[in-house]
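Working notes for the structure below.
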Amino acid sequence: MSAAEGPLVVGVDTSTQSTKALVVDAATGRVVASGQAPHTVSAGAGRESDPRQWWDALCEALRQCGEPAHEAAAVSIGGQQHGLVTLDERGEPVRPALLWNDVRSAPQARRLVEELGGPKAWAERTGSVPGASFTVTKWAWLAEHEPEAVRATRAVRLPHDYLTERLTGQGTTDRGDASGTGWWASGTEAYDEETLAHVGLDPALLPRAVRPGEVAGTVRGGHDLPFSKGTLVAPGTGDNAAAALGLGLRPGTPVLSLGTSGTVYAVSRHRPADPTGTVAGFADAHGDWLPLACTLNCTLAVDRVAALLGLDREAVEPGTAVTLLPYLDGERTPNLPNASGLLHGLRHDTTGGQLLQAAYDGAVHALLGALDLVLDEDADRTTPLLLIGGGARGTAWQQTVRRLSGRPVQVPEARELVALGAAAQAAGLLTGEDPAAVARRWNTAAGPVLEAVERDQATLDRISGVLSDAAPLLERGTDAH
């Protein structure tokens with residue numbers, strides 16, 4: 001291993017399923033060492049994880065990084081958004097964290113939207129219309145179903161906040177992750193007192209929002225991590241904002257991320273406010289905005305369909321008129337939290353490969369439908385769509401996105417973009433640079449470009465028609481809900 005050209009930094013991605021850590025040369029972007037450790041997520045009606053698992057996984061991931069982690073001058077944590085972490089007076093979890101894909105708070109989400117002025121008022125105040133994924137709805141659910149847990153809570157954190165606080169001993173967050181709570185006002189860039197009072201959440205329980213480029217703290221002593229006491233800790237941010245940093249995104253470049261959830265987003269200079277709720281008006285991690293649409297069902301849902309069919313995930317065949325809406329976990333875009341999967345158009349001659357292709361089509365349809373709402377009106381529609389996330393290297397995913405979008409598709413070679421974005425944020429503390437400029441210097445978005453093909457509008461129209469016709473059934477849900 002050749003010597004690093006610059007100081008070393010650590011970027012962390014604490015996601016739904018695992019924690020990954022990268023040790024990166026701040027001068028070149030070269031990944032010097034890496035590690036990864038899994039988490040468990042509960043099954044059944046809810047989606048919960050013990051936050052202490054995230055810390056244990058961070059310790060293990062850094063242990064795997066070896067000596068380079070000891071030499072790091074700065075660290076930053078990127079993490080799954082929206083999760084509700086409740087801590088007691090000792091800083092220990094009161095109960096497992098309620099994760100972003102726990103949709104039990106859908107009734108509370110509907111009620112909160114109605115009680116605080118309706119969708120337009122929410123969009124203007126917070127930038128988003130909260131759905132079941134937003135933290136404010138989870139707090140309302142907890143207050144209703146587990147009031148004893150609320151009474152025991154002395155601090156409320158997001159997943160990346162929790163790990164950052166264990167590093168520094170200070171309760172901090174950043175504007176990117178805070179903007180996904182539902183209690184952060186995008187117009188004033190401060191916690192919204194009216195919302196907090198309405199849900200009975202004392203603002204004293206919330207972390208301080210650290211400004212972009214500000215040091216969140218330093219690593220304190222008395223822990224099992226390889227960092228030296230006094231190592232700089234960056235603000236961190238939510239996973240999508242971290243990936244945007246990791247790509248060095250400029251305004252107007254669209255991103256489609258294929259993971260447990262699917263997302264489309266772009267950096268914008270304009271504060272978003274979509275009253276339909278399709279686009280979440282998130283802040284990014286360095287002063288701009290990150291309008292974003294998210295689906296709950298993406299790679300895991302399609303893999304589940306492949307498993308049910310006994311097929312490899314790449315074993316797709318050209319479709320006929322079969323439509324599959326893979327809403328296995330309910331859905332956020334469109335807003336159908338009680339939905340289940342729906343199959344329409346099955347014939348004697350329909351093959352398993354065609355069913356699998358229909359699952360891909362159904363998953364991509366919702367994301368592309370939101371893309372035009374995410375992009376500013378003056379965005380160049382011929383700019384390549386950056387395809388990232390766990391599914392981005394799958395041929396079936398690539399070709400489905402290409403066919404249904406009608407755009408050129410670029411697949412960055414860099415793999416761990418959330419952790420790279422966190423590393424760029426840590427590097428920015430040392431160099432004084434904008435982290436996105438650091439990532440552009442590292443050339444993280446480089447990768448092959450798949451040329452545009454004619455858009456398959458017939459398939460998009462067919463899926464939209466089935467979705468519209470089946471809306472009452474999908475909204476009603478199943479007895480399991």
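Along the sequence shown, residues carry numbers from 1.
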Do Trp100 and Thr16 pass the side chain to side chain donor-acceptor pair (under 3.5 Å) test, and can you show the C-alpha distance, the side-chain angles, and the key distance before you say yes or no? CA-CA 9 Å; Trp100 61 273; Thr16 315; 2.9 Å; yes

Salt-bridge test for [X] and [Y]: reply yes if a basic N is under 4.0 Å from a carboxylate O, no otherwise.
X      : Y      : result
Arg154 : Glu92  : no
Glu148 : Arg95  : no
Asp303 : Arg313 : yes
Arg110 : Glu114 : no

Side chain to side chain donor-acceptor pair (under 3.5 Å) between Gln170 and Glu165, intermediate numbers included: CA-CA 5 Å; Gln170 305 293 318; Glu165 185 167 359; over 6 Å; no

Please round to the nearest 0.5 Å and tell me the distance separating atom CG of Leu336 and atom CG of Leu473.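 Here the rounded value is 10.5 Å.
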
Between the CG atom in Leu292 and the OG atom in Ser179, the distance rounded to the nearest 0.5 Å is 9.5 Å

Compare every heavy atom of [Y] with every heavy atom of [X], then report the nearest pair and how far apart it is.
X      : Y      : result
Pro212 : Ala285 : CB-O, 3.4 Å
Pro207 : Tyr191 : O-OH, 2.6 Å
Ala21  : Ala61  : CB-CB, 4.0 Å
Asp102 : Arg47  : OD2-N, 2.9 Å

Sequence neighbours left out, what passes side chain to side chain contact (heavy atoms under 4.5 Å, CB included) with Pro51? Give chain and number order. Trp54, Val85, Pro93, Ala97, Tyr162

So, [X] and [Y]: side-chain donor and acceptor under 3.5 Å apart, yes or no?
X      : Y      : value
Asp376 : Ser268 : yes
Ser18  : Gln36  : yes
Ser128 : Thr126 : no
Thr164 : Thr172 : no
Asn338 : Glu475 : no
His160 : Thr237 : no
Thr40  : Gln53  : yes
His39  : Gln17  : no
Asp274 : Thr276 : yes
Glu48  : Ser42  : no
His70  : Ser228 : no

Ser105 vs Thr137, side chain to side chain donor-acceptor pair (under 3.5 Å): CA-CA, chis, key distance, verdict: CA-CA 6 Å; Ser105 61; Thr137 73; 2.8 Å; yes

Under the ring-ring contact (aromatic ring centres under 6.0 Å, His included) rule, what pairs show up with a residue in residues 247-305, not counting sequence neighbours?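 Of all non-adjacent pairs touching residues 247-305, those that pass ring-ring contact (aromatic ring centres under 6.0 Å, His included) are His82-Phe282.
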
Within a radius of less than 6.0 Å around CD of Glu193, do more than 12 heavy atoms belonging to other residues, nucleotides or ligands occur?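 Open: at most 12 neighbouring heavy atoms sit under 6.0 Å from CD of Glu193.
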
Is there a side-chain contact between Val10 and Val24, using heavy atoms and a 4.5 Å cut-off? no

Please identify each residue that fulfils ring-ring contact (aromatic ring centres under 6.0 Å, His included) with His145, with sequence neighbours left out.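 So His145 forms a ring-ring contact (aromatic ring centres under 6.0 Å, His included) with Trp141.
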
Face-on cation placement of Arg125 at Trp122 ring, 6.0 Å and 45° thresholds: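 Ring-cation test returns yes.
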
